[in-house]
Amino acid sequence: QVQVVESGGGLVQAGGSLRLSCAASIRTFSMYIMDWFRQAPGKEREFVARIYGGGSTTNYADSVKGRFTISRDNAKNTVYLQMNSLKPEDTAIYYCAATRGFGSGYDYWGQGTQVTVSS
């Protein structure tokens, strides 16, 4: 039974930091590309960051580039999102998702964790 669980969300002031974690009980975790998405109420889900299986290659949405850092620890089956210089527009539910790539879609999604940034 695969379980994907996000944690680390909360309420912070603008300019503050949060570190999100996503623990995934996937047997072949290192084979998976891991992505972070976010969705604000009434808004479309948007891509935030991606990290490939080996952890050396990453991609970021322009809106978070230079502020957020994605990383992974394959020994712990965990992916992280370090969020610095947070802005009110970062307020959203943040989701972790796993894909094999090759245009295959997403095999697993977490339940999400709420991030709220006050001004």
Linked, directly or transitively: Val12 and Leu20 (ILVMFWY side chains, under 4.5 Å)
yes
Linked, directly or transitively: Ile93 and Trp109 (ILVMFWY side chains, under 4.5 Å):
yes
In this structure, CH2 of Trp36 is separated from SG of Cys22 (nearest 0.5 Å) by 5.0 Å
CD1 (Ile26) and CE (Met31) are apart, to the nearest 0.5 Å, by 11.5 Å
Please report the shortest heavy-atom distance between Leu81 and Ala49, naming the atom on each side.
CD1-CB, 4.2 Å
Is Ser30 reaching over with its side chain to a backbone N or O of Gly53, donor-acceptor style, under 3.5 angstrom?
no
Taking all atoms of both residues into account, what is the closest heavy-atom pair of Phe29 and Asn74, and its distance?
CE2-OD1, 3.2 Å
Which heavy atom of Ser17 sits nearest to which heavy atom of Asn84, and what is that distance?
OG-OD1, 2.9 Å
Counting N and O atoms only, with roles assigned by atom type, does the side chain of Tyr95 sit under 3.5 Å from a partner on the main chain of Glu6, one being a donor and the other an acceptor?
no
Look at the side-chain heavy atoms of Ile, Leu, Val, Met, Phe, Trp and Tyr, link any pair under 4.5 Å apart, and say whether Phe37 and Tyr60 land in one connected group.
no
I need the Arg50 CZ to Met34 CE distance, nearest 0.5 Å.
11.0 Å
Indicate if Val117 and Met83 have the same hydrophobic cluster label, given that clusters are the connected sets of ILVMFWY residues with side-chain heavy-atom separations under 4.5 angstrom.
yes
Verify, without hydrogens or angle tests, whether Asn77 (side chain) and Ala24 (backbone) share a donor-acceptor contact under 3.5 angstrom.
yes
How many angstroms lie between CZ in Arg19 and CD in Gln82, if you round to the nearest 0.5 Å?
7.0 Å
d(Ile70 CD1, Thr57 OG1) to nearest 0.5 Å is 11.5 Å
With distance as the sole test, does Arg72 use its side chain to make a donor-acceptor pair with the main-chain N or O of Ile33 at under 3.5 Å?
no
Specify the closest pair of heavy atoms between Ala14 and Ser119, including all atoms of both residues, with the distance to one decimal.
CB-CA, 4.4 Å
Heavy-atom closest contact (Val79 atom, Cys96 atom, distance):
CG1-SG, 3.6 Å
Between CZ on residue Phe68 and CG on residue Leu86, distance to nearest 0.5 Å
5.0 Å
Would you say Thr58's side chain and Ile51's backbone share a donor-acceptor pair under 3.5 angstrom?
no
Using modelled atom types and a 3.5 Å cut-off, is there a donor and acceptor pairing between side-chain atoms of Ser25 and backbone atoms of Gln3?
yes
Can you tell me if Gln13 has over 12 outside heavy atoms packed within less than 6.0 Å of its CD?
no
Does any non-hydrogen side-chain atom of Ser63 lie less than 4.5 Å from one of Arg38?
yes
When you measure from the side chain of Arg67 to the backbone of Ser85, do you find a donor-acceptor pair of N or O atoms at a distance under 3.5 Å?
yes
Quick check: do Arg27 and Val2 have side-chain heavy atoms less than 4.5 Å from each other?
no
Inspect the contact between Asp62 and Lys65 and indicate whether a charged nitrogen and a carboxylate oxygen are less than 4.0 angstrom apart.
yes
Count I, L, V, M, F, W, Y as connected when their side-chain heavy atoms are under 4.5 Å apart, and connections chain through other members. Are Tyr80 and Val48 then in the same cluster?
no
Indicate yes or no for a side-chain donor-acceptor contact from Gln111 to the backbone of Val5 under 3.5 Å, with no hydrogens or angles considered.
no
side-chain contact (heavy atoms from CB on, under 4.5 Å) between Gln114 and Thr91, worked out
CA-CA 8 Å; Gln114 177 71 47; Thr91 295; 4.1 Å; yes
Measure the acute angle between the ring planes of Tyr108 and Tyr32, then classify it against the limits of 30° and 60° as parallel, tilted or perpendicular.
tilted
